[in-house]
Amino acid sequence: MPAAAEFASVAPGSDYDTVRRVLAYITENWRAQPTIETIAGAAGATPTDIHHLFRRWCGLTPKAFLQAITLYHAKNLLGASASVLDTALEVGLSGPGRLHDLFVTHEAMSPGEWKAGGGGLSLSYGFHPSPFGEALIVTTPRGLAGLGWVSDGLDGGKVVGGRAEALADMMRRWPHAQYRFDPQATAPYAARIFDPKAWSAETPLRVVLIGTDFEVRVWQTLLKIPVGRATTYGDVACHIGKPSASRAVGMAVGKNPISFVVPCHRVIGKSGALTGYHWGLTRKRAILGWEAGQTAG
DNA sequence: TATTATCGCGGAT
DNA sequence: ATCCGCGATAATA
């Protein structure tokens, strides 16, 4: 707890704050095969603290968590059979859009519709705590349009961060929209999204996909990847009928505006390498590790 | 035209 | 085993 106060920029003392430092240390020093004592020391905590933290945060012991973010485990996420996307469909869940465990119903808003009729469209935004740091949530009257993260310091040695930058990043996606700070409008979304106990099929989460036709098709495909599984850029490309477009898929995945809800973190390279994440690879690891804990129980 | 959060192939460590 | 460099490839600004 005392060490966390030094990182007062965001959610001081939060679980993710420490998790982030553990992950950052491991990614930079994995070659040295650091012991749990060394890792704990670098994160400013005792091994016992670390143990309790991971049990509380994701339900896994530190050892299990570390194993969950290795390349070997990432390959397992991909699944032995043909494609995770196909097996998801075989399970026989009824409608499109409720395959995600968050029970999302989605509608698409094409750029044309967005530019032509978008004059009156206004977006509400707010900042809310989450298991992965402070989240920026953007909504329309029709549903969730954006979810991003406020960077909280270092990622891969690069200094980034702040609410202003998080908001600017989101506004860059739809520069012509009207933005209104309205935490009361966005708070219910935060409560729903980050509490697995609140995930329910009866009241699906409404999301609005704003992008090109190609991007929307990719994002819709991502919604079919179950919690605790992963797929590859090439698999997504096959799924939308363009087997050779894996690179273009990577670009579209990277532009996903609704982090976590549209699970772009569950797309990894064919080798099992995590390859990239708009909000930092450290966060991608953290989310995948957290999800491993959710499915383990 | 020049960018990619890709992929698979050789050839060199 | 692992890692680079390369070309093919599809969608954007």
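Just so we're on the same page: letters track the sequence lines, and every chain starts at 1. As the structure is a prediction and not an experimental result, all values here were calculated from the model.
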Notebook entry, point to check: In the 5'-to-3' direction, what one-character label does each nucleotide of nucleotides 6-13 of chain B receive under the scheme B = base within less than 4.0 Å of a protein heavy atom, S = sugar-phosphate only, - = no such atom?
Noted result: BSS-----
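Between the A/R142 side chain and the A/V208 main chain, no donor and acceptor come within less than 3.5 Å of each other. With hydrogens and angles ignored, the 3.5 Å screen pairs no side-chain donor or acceptor of A/T38 with any backbone N or O of A/P34. Side-chain atoms of A/R206 do not come within 3.5 Å of backbone N or O of A/G143 as any donor-acceptor pair. With A/T70 contributing its side chain and A/L66 its backbone, the two residues share no donor-acceptor pair below 3.5 Å.
When the nearest nucleotides of DNA chain C are assigned to A/T212 and A/S244 by heavy-atom distance, the more 5′-ward of the two goes with A/S244.
A 3.5 Å limit on both hydrogen-bonding distances identifies C/dC3 as the Watson-Crick or G-U partner of B/dG11. Across every strand in view, B/dT1 sits in a pair with C/dA13 that passes the Watson-Crick or G-U test at under 3.5 angstrom.
Using a 4.5 Å cut-off on side-chain heavy atoms (C-beta onward), A/W219 and A/H106 make no contact.
B/dA5 atom P lies 11 Å from atom NZ of A/K255, rounded to whole Å. Following rounding to the nearest Å, A/N256 (CG) and B/dA5 (C1') show an atom-to-atom distance of 12 Å. In this structure, A/K242 places its NZ atom 20 Å from P of C/dA8, rounding to the nearest Å.
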Checklist line | salt bridge (Lys or Arg N to Asp or Glu O under 4.0 Å) assessment of A/R20 paired with A/D17 | finding: CA-CA 5 Å; A/R20 192 199 82 233; A/D17 191 46; 3.1 Å; yes
